[in-house]
Structures are given as structure tokens and as C-alpha cells.
Amino acid sequence: MELPLYPPADPDGKPQIILTDAAALPLCFARPARFAAAIAPDGAACAAWAAQLEPLPVGLTLTCPPLPDEESCPRPATVHYIGLCKAAFRSLLHDAAAFYCLRGAQTFAALRAAALALGDLSGRTVIAELGIEDDEGHLADGTEVRAAVGVLQRIGVSTVILTAHDPAALTAALDLAAPYARISLGVSVHSAWLRAQTTLYNTEFFLPVEHDDEARLLEAVDAHSASRTVPRDHDDFILAPDGRHAHFIDPTIDMSDEIECGPRLGEALIDAEDEAGALKLVLETEDDVIALEEHRYMLSRPLCLCAESAELLEQGLRIYPGLALYDGTWEQPEDVLHYLEQKYGLIRL
């Protein structure tokens, strides 16, 4: 689902701003074409803003809860964290919110889990914030921005907002992500960076940073001439991230021999290191799901998951932070596969 825009596009072709400050409401009334949406500070303000700004979509920010202590956390840890997210988000949801913006995740896996939790709770549009840490397009936990975008765009996130500590890192991340993004790209950016003509690729939305404001940002956007559009390419290959790294594969990718997710999974993954293609893991019990989660740090290649039970397959997809492949082993009903594609980004070969 795309972020609903009002109007559909700025007539001058300029990127639009997401309003976050009540003081900028008069500016939004004066120049409505320059605003794509608004993020209210709380549910009460969301309802008031939605009434004043209709039909401009108004949403809310949801901050991802801290990760639990790894040693004491119940297993599977991802399932436990999804439950924590639901508990944290449930009381903050509001009928007036047209969308929700997820931010503050400590890791990419946590952000993905939060997106799944929100999908369980609400059918609203989801925006996700990605913090870029270096000029090679990595998030704080080392996840590649292309991998993050590749996963999020297949699990229902409509827009990603990139943040960075310096303009060069922001430019590099957009340069990497833009050709592969099939969702909208936005940035949270200092007005000064735009006035310095920082190069930005395929950027549709701007979000003000703290201590900046919409008026300065709008003025800087109007004066910015370093926006570039690159074609969305590479449809001949499948983007199949493992959760940290982006992999581009052919539908006829080779598969390893079947690997059981038992107590010797770590040894089996080491033995399979020299093989080409995707790793094919078999889930037979709930303990296998826990083993997969505990060894997912060892997965640096595309992963094919198979299970005779649709419920067990879903459990594996729920804890795997990448996009899993499905090659037809233990054929599942069409409605089940469609659900797994929509919910977890399952890639059918």
C-alpha cells in the first residue's frame, strides 16, 4: 500500500513534506500541495489534526520497545519480542490514524518484528525509519540498506524514511537503495544539508529533524536543485536478503541438500559453506524453529525453508529476518502461500 498523498503530487514536481509540528498547520493550509501527510504527537492531536487537515492523511509515531535481555528471554526470542511490541503499541493505536511510523528499533530484526506486530494489530499503512551509520549504506547493526528495504517492501511497509549523521552517508544510502526500492523513499534531513545541495536520489518525502522546522525545510526544499532520479531496475533478478545482506538470485538458483534444523545445525551450516546456491533448511518440530533462530547469524546466503506443516512453516518465516524462498517441497495450499507471501514476503520460485 502506498502512502496516501494529498494532492497526488506537487504540481512543481518537488518532493513533499511530512508535517510534524502544530505551529506549521497554517503553512500547510497556505500551501497544501507541498505536504504529503502529517504526524501528530498523540492520539488526541491526531483526531484534531485529521478533522482540520482532511483529506490530508494524519498518522502517529510508534517507538519500538527495547530488546529484552538475551539470556533470560523466552524462546523463540523473535516471537516474544513481537508480543512486547503488541503490548507497547496496542494502547497507542487510534481510529483517526491513517498510518503509523515505526522508529527507534535497536536492530533491523527488531524493526521487522515490530512491523509484523503492527500488521497483526492494524491494517493501516506503515512507514519505517532506517538509521544509516556509515557511507557504505549500513544500519547500526551492520545490515545493508538494500537488504532492509528489500525485506520491508515485501512485508507491507509502504515508505522508508532514512536518517543519517552526515549528508554523505545519506547520499550513499539513497544511491544504493534507489534502484531496488519498489516503495517510497523519504529522508529526515537538516535544512542546512539541502541548502548545501546534498545529492538525493528518488526522494519523495522530507521529514523535519529535531530543532528544525517545516518553514525552513520548505524554503530549503524549494531551493534544492540536487535531487536526482534513477531508474528502478534489476527486475530480471530476485532480491532475496538473508536479513543483513542483499542477494540477487535467479529463479533457477541451485539448492543445497536438505539440512535438518536439529541440535547439529551449526555443524551442518559449516559443512555447507563451500556449496553454491541457497541453503535448504527443513523444519520438523518447534525446537527446529528455535535452532534456526539461534543460528541465523550463520546464514549469509539465500535461504529456502520447507516444512510439511503450514503452521511450522509460518513459525520459521516469523523468526527469519530475511526473505525465505519456497521451492514447492511439501506443497502448501494456494491460499496459505498467498498469505505467507503477503505477511512475510515468502518468495515462490
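Side-chain N or O atoms of Arg34 include one that pairs as donor or acceptor with a backbone N or O of Pro15 at under 3.5 Å. Side-chain N or O atoms of Arg112 include one that pairs as donor or acceptor with a backbone N or O of Tyr320 at under 3.5 Å. Between the side chain of Asp288 and the main chain of Thr285, a donor-acceptor pair closer than 3.5 Å is present. Between the side chain of His224 and the main chain of Thr198, a donor-acceptor pair closer than 3.5 Å is present. The main-chain N or O of Ala307 is found under 3.5 Å from a side-chain atom of Gln332 such that the two form a donor-acceptor pair. Side-chain atoms of Glu214 come within 3.5 Å of backbone atoms of Asp21 as a donor-acceptor pair (strictly under, hydrogens ignored). Remark: the backbone N or O of Ser300 is paired with a side-chain donor or acceptor of His247 at under 3.5 angstrom. Between the side chain of Thr203 and the backbone N or O of Tyr201 there is at least one donor-acceptor pair closer than 3.5 Å. At least one donor-acceptor pair closer than 3.5 Å links the side chain of Asp141 to the backbone N or O of Phe108. Remark: the backbone N or O of Ala181 is paired with a side-chain donor or acceptor of Arg232 at under 3.5 angstrom.
There is no path of hydrophobic side-chain contacts, each under 4.5 Å, that joins Trp330 to Tyr326. There is no path of hydrophobic side-chain contacts, each under 4.5 Å, that joins Leu194 to Val209. In the hydrophobic clustering of ILVMFWY residues, with side-chain heavy atoms under 4.5 Å counting as a link, Val79 and Leu281 come out together.
Here the shortest heavy-atom pairing between Ala310 and Val336 reads CB-CG1, 3.9 Å. Considering all non-hydrogen atoms of both residues, Ala148 and Leu139 come closest at CB-CD2, 4.4 Å. Cys28 and Leu19 make their closest contact through CB-CD1, 3.7 Å (heavy atoms, listed as atom of the first residue, atom of the second, distance). Among all heavy-atom pairs drawn from Phe99 and Pro57, the shortest one is CE2-O, 3.7 Å. Considering every non-hydrogen atom in both Ile259 and Ala272, the closest pair reads CD1-CB, 4.1 Å.
Between the CZ atom of Phe89 and the CG atom of Leu102 there is a distance of 5.0 Å, given to the nearest 0.5 Å. To the nearest 0.5 angstrom, Leu174 atom CG is 9.5 Å from Ser227 atom OG. Remark: Leu305 CG to Leu346 CG distance equals 8.5 Å, nearest 0.5 Å. To the nearest 0.5 Å, the span separating SG on Cys304 from CZ on Arg301 amounts to 12.0 Å. Here the CG-OG distance, from Leu279 to Ser256, works out to 5.0 Å after rounding to the nearest 0.5 Å. Between atom CG of residue Leu207 and atom OG1 of residue Thr61 there is a gap of 7.5 Å, rounded to the nearest 0.5 Å.
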Show your reasoning for whether side-chain contact (heavy atoms from CB on, under 4.5 Å) applies to Glu144 and Arg244. CA-CA 6 Å; Glu144 298 175 16; Arg244 286 174 63 90; over 6 Å; no
side-chain contact (heavy atoms from CB on, under 4.5 Å) assessment of Arg296 paired with Leu299: CA-CA 5 Å; Arg296 66 186 182 187; Leu299 302 173; 4.2 Å; yes
Residues Leu325, Ile253; criterion side-chain contact (heavy atoms from CB on, under 4.5 Å); working and verdict: CA-CA 10 Å; Leu325 310 176; Ile253 186 173; 4.3 Å; yes
From CA spacing to verdict: side-chain contact (heavy atoms from CB on, under 4.5 Å), Leu312, Glu286: CA-CA 7 Å; Leu312 202 56; Glu286 292 185 359; 4.2 Å; yes
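In the model, Tyr344 has a side-chain atom that pairs as donor or acceptor with a side-chain atom of Glu314 under 3.5 Å. Looking only at atom types and distance, the side chain of Thr78 has a donor-acceptor partner in the side chain of Glu293 under 3.5 Å away.
In this structure, Arg264 places its CZ atom where only 12 or fewer heavy-atom neighbours from other residues, nucleotides or ligands lie under 6.0 Å away. Atom CD of Gln52 is surrounded by more than 12 heavy atoms from other residues, nucleotides or ligands within 6.0 Å. Within a 6.0 Å radius of CG in Asp95, other residues, nucleotides and ligands contribute 12 heavy atoms or fewer. Annotation: His338, atom NE2; neighbour count of heavy atoms from other residues, nucleotides and ligands within 6.0 Å does not exceed 12.
Ring geometry, His295 versus Tyr297: the interplanar angle falls under 30°, so the pair is classed parallel (tilted spans 30 to 60°). In this structure, Tyr180 and Phe248 have tilted ring planes: the angle between them lies in the 30° to 60° band.
Leu84 belongs to a hydrophobic cluster with Leu67, Tyr81, counting contacts under 4.5 Å between side-chain heavy atoms of Ile, Leu, Val, Met, Phe, Trp and Tyr, direct or through other members.
Listed by chain and residue number, nothing satisfies the ring-ring contact (aromatic ring centres under 6.0 Å, His included) test with His94 (two or more places apart in sequence, or in another chain).
By the 4.0 Å N-to-carboxylate-O rule, Asp175 lies too far from Arg228 to be salt-bridged with it. A salt bridge between Arg75 and Asp287 is absent, with no side-chain N of the basic residue lying under 4.0 Å from a carboxylate O of the acidic one.
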